[in-house]
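For reference, the structure is listed below as structure tokens.
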Amino acid sequence: MGQINVTRSSMPHMDDYISEIRELWDTHWLTNMGTKHRQLQEELKKYLDVPNVGLFVNGHLSLELSLQALELSGEVITTPFTFASTTHAIVRNKLEPVFCDINPVDFTMDVEKIEALITDRTTAIMPVHVYGNVCDVERIEQIAKSYGIKVIYDAAHTFGVKYKGVSTAAFGDVSCFSFHATKVFHTIEGGAACYRDLEIGRRLSKLRNFGIRDEECVDGIGANAKMNEFCAAMGICNLRIIDEEIAKRKMVADRYRENLDHIEGIQLSPLQQNVEPNYAYFPVIIHENVFGATRNDVAMALEKEGIKARKYFYPLTNTFDCFHGKFDVSQTPVALHISKRVLTLPLYANLALDDVDKICEVVLCVKKK
Ligand SMILES: *Cc1c(COP(=O)(O)O)cnc(C)c1O
């Protein structure tokens, strides 16, 4: 068996991509909301079943600029069990992240612990649909409404995921996606913000284009975060194959589940009720006291066989060196516990089922020792 990485970017047919970008040699229009950008935007509105989609150069800037568009101040309640981007988007906006613990079942924000964290400085909640697990969107909406605060979902992991038939892109004031090469759907680098309020849309459009209102008026201090035509063309091609890709991922995820379900000491991410999943990741939690070996033992055994699993998400963002111990990690004990035991196994559309079996064998071998 050759090397197996934790992920592998999906690629459209090369001919399809070439025919999609050919027209750019006629138009010479390479960025600044050209035809590919606008086409992808329209197609994503349909696919994600939302009224408005803004396209960005990456997922991070969709988060960072969405926080700005909502004109927040003070504190934002969020989760430390996420990628650096979520927390950095808050801090880079000079907002204070207040870390809420996660629940030990699906690893999303523990909604029972949100209200205790709300102060008169709280202006928003930024939860993450981690691994494609949908947050308790109903409870979060209730809380946000009763306290008059905003909700921005980091939906980087839930492209195409539906809850009770509703697209996860439709929840919150804004839902942000990442279309990074490693995600279920990608545009090489890219991102999107989905929203209902058209005023937020206008602010987002300006924030991603230097605050330019029109040729002779710049009335905002915006960044540059536009998706270019080559990336949009990649998205158009990848959207044509997304349903196949998710179906292939399902086969891989199902095979893992067959092999690892009911193994003592291994906890799997649940199949959530009322959710149409996208099989973005396959995290396992290794409970060493029952399993007889630690997460790090398992990761090393896999590494020896040329299999790259990832400690995703470890470390927690509230323990990052850049914050110099500013946050008290004892406030999020469940997240800390899970982050020390989690390992995401390789998962991508064309991962062979034999390889999945081999990976599981290696994992189970560690247990026997
Ligand atoms: C990938 C990711 C991001 C950032 O997306 P980029 O497109 O890489 O900027 C943000 N949040 C989460 C949870 C992610 O996984």
Side-chain angles (χ1 to χ4, degrees), residues 6-7 48 59 63 77-83 85-87 99-114 125-143 151-172 175-178 180 182-185 194 245-246 249-250 252-254 256-257 260-261 266-287 295 309-314 316-317 332 334-348:
V6 68
T7 186
L48 295 173
L63 285 169
I77 296 172
T78 188
T79 166
F81 193 66
T82 183
F83 185 54
S85 176
T86 321
T87 306
F99 293 100
C100 182
D101 209 356
I102 59 172
N103 75 65
V105 177
D106 65 23
F107 323 118
T108 61
M109 202 180 262
D110 185 341
V111 290
E112 298 308 322
K113 295 180 179 161
I114 296 175
I125 309 175
M126 190 143 117
V128 180
H129 300 300
V130 65
Y131 305 130
N133 292 338
V134 181
C135 298
D136 186 341
V137 289
E138 286 148 349
R139 185 80 189 101
I140 290 170
E141 185 175 329
Q142 254 178 13
I143 295 170
V151 181
I152 305 99
Y153 280 105
D154 182 337
H157 295 180
T158 46
F159 187 85
V161 175
K162 288 181 179 166
Y163 171 68
K164 292 185 178 168
V166 179
S167 166
T168 48
F171 299 116
S175 266
C176 293
F177 290 88
S178 164
H180 184 259
T182 54
K183 301 300 203 284
V184 171
F185 167 80
C194 303
E245 292 286 304
I246 292 176
R249 283 174 170 275
K250 178 181 187 330
V252 174
D254 286 351
Y256 271 126
R257 210 166 271 281
L260 299 178
D261 217 2
I266 295 186
Q267 177 191 345
L268 304 184
S269 187
L271 293 166
Q272 290 182 301
Q273 291 271 308
N274 301 314
V275 169
E276 283 174 48
N278 66 358
Y279 310 96
Y281 300 91
F282 201 90
V284 295
I285 315 296
I286 308 288
H287 295 286
R295 178 272 307 272
R310 202 172 153 202
K311 297 170 194 174
Y312 197 62
F313 294 100
Y314 174 85
L316 296 179
T317 68
T332 56
V334 177
L336 185 62
H337 185 87
I338 298 293
S339 75
K340 287 178 174 168
R341 288 166 180 80
V342 70
L343 195 62
T344 56
L345 300 177
L347 198 173
Y348 45 86

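Sequence positions, counted from 1, serve as the residue numbers for this chain. These figures come from a predicted structure and were not determined experimentally.
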With a 3.5 Å cut-off and no angle check, do the side chains of Thr158 and Asn278 form a donor-acceptor pair? no
Correct closest heavy-atom pair for Phe99 and Thr317 would be CE2-OG1, 3.5 Å
Rounded distance (nearest 0.5 Å) linking atom CG of Leu260 with atom CG of Leu345: 7.0 Å
Minimum-distance pair of heavy atoms, taken over all atoms of Val130 and Phe107: CG1-O, 3.2 Å
Could you pull out the closest heavy-atom pair between Ala335 and Asp101, with the gap in Å? N-OD1, 2.9 Å
For Asp110, is there an ion pair with Lys113 - N to carboxylate O distance below 4.0 angstrom? yes
For the atom pair CZ (Phe171) and SG (Cys135), what is the distance rounded to the nearest 0.5 Å? 10.0 Å
From Leu271 atom CG to Asp106 atom CG, the distance as rounded to the nearest 0.5 Å: 12.0 Å
Under a 4.5 Å cut-off applied to non-hydrogen side-chain atoms, are Ile143 and Arg139 in contact? yes
Interatomic distance, Thr7 atom OG1 to Leu347 atom CG [nearest 0.5 angstrom]: 8.0 Å
Begin from the C-alpha positions of Leu48 and Cys194 and carry the test side-chain contact (heavy atoms from CB on, under 4.5 Å) through to its verdict. CA-CA 9 Å; Leu48 295 173; Cys194 303; 4.1 Å; yes
Give a yes or no on whether Lys311 atom NZ has more than 12 heavy-atom contacts from other residues, nucleotides or ligands under 6.0 Å away. yes
With Thr82, which residues qualify under side-chain hydrogen bond (donor to acceptor under 3.5 Å, both in side chains), at least two apart? Thr86
Determine whether Val184 and Tyr279 make a side-chain contact, defined as any pair of heavy atoms from C-beta on separated by less than 4.5 Å. no
Could you go step by step and tell me if His129 and Tyr153 meet the side-chain contact (heavy atoms from CB on, under 4.5 Å) rule? CA-CA 7 Å; His129 300 300; Tyr153 280 105; 3.4 Å; yes
Atom CD1 of Ile125 and atom SG of Cys100: how far apart are they, to the nearest 0.5 Å? 8.5 Å
Using a cut-off of 6.0 Å, state whether more than 12 heavy atoms not belonging to Tyr314 lie near its atom OH. no
For a quick check under 3.5 Å, do Thr108 and Asn103 share a side-chain donor-acceptor pair by atom type? yes
Passes ring-ring contact (aromatic ring centres under 6.0 Å, His included), Phe83 versus Phe313? Steps please. CA-CA 7 Å; Phe83 185 54; Phe313 294 100; 7.0 Å; no
Nearest heavy-atom approach of Leu63 to Cys176 is CD2-CB, 3.5 Å
For a 4.5 angstrom cut-off between non-hydrogen side-chain atoms, does Ile285 reach Ile338? yes
Once rounded to the nearest 0.5 Å, what's the spacing between atom OG1 of Thr78 and atom CE of Met126? 5.5 Å
Please report the closest heavy-atom contact between Thr79 and Met109, naming both atoms and the distance. N-CE, 3.8 Å
Starting from the C-alpha separation in whole Å, work towards a yes-or-no answer on side-chain contact (heavy atoms from CB on, under 4.5 Å) for Thr332 and Ile102. CA-CA 7 Å; Thr332 56; Ile102 59 172; over 6 Å; no
Check the side chains of Ser178 and His180 for a donor-acceptor pair under 3.5 angstrom, ignoring hydrogens and angles. no
Check this for me: does any side-chain nitrogen of one of Lys164 and Glu138 sit under 4.0 Å from a carboxylate oxygen of the other? yes
Whether Tyr131 and His157 hold their rings parallel, tilted or perpendicular, with breakpoints at 30° and 60°: parallel
Assess Arg257 against Phe282: is NZ or CZ under 6.0 Å from the centre of the six-membered ring, and within 45 degrees of the ring's axis? no
Can a donor-acceptor pair be found, under 3.5 Å and without considering hydrogens, that links the side chain of Glu276 to the backbone of Val166? no
Which atoms form the tightest heavy-atom contact between Asn133 and Pro270, and what is the distance? OD1-O, 4.2 Å
So do the side chains of Gln272 and Val134 get within less than 4.5 Å of each other, counting heavy atoms only? yes
Any side-chain heavy atom of Phe81 sitting closer than 4.5 Å to one from Val128? no
Report the C-alpha separation of Arg310 and Leu343 in whole Å, then their side-chain angles, then the decisive distance to 0.1 Å, and conclude whether the side-chain contact (heavy atoms from CB on, under 4.5 Å) test is met. CA-CA 6 Å; Arg310 202 172 153 202; Leu343 195 62; 6.0 Å; no
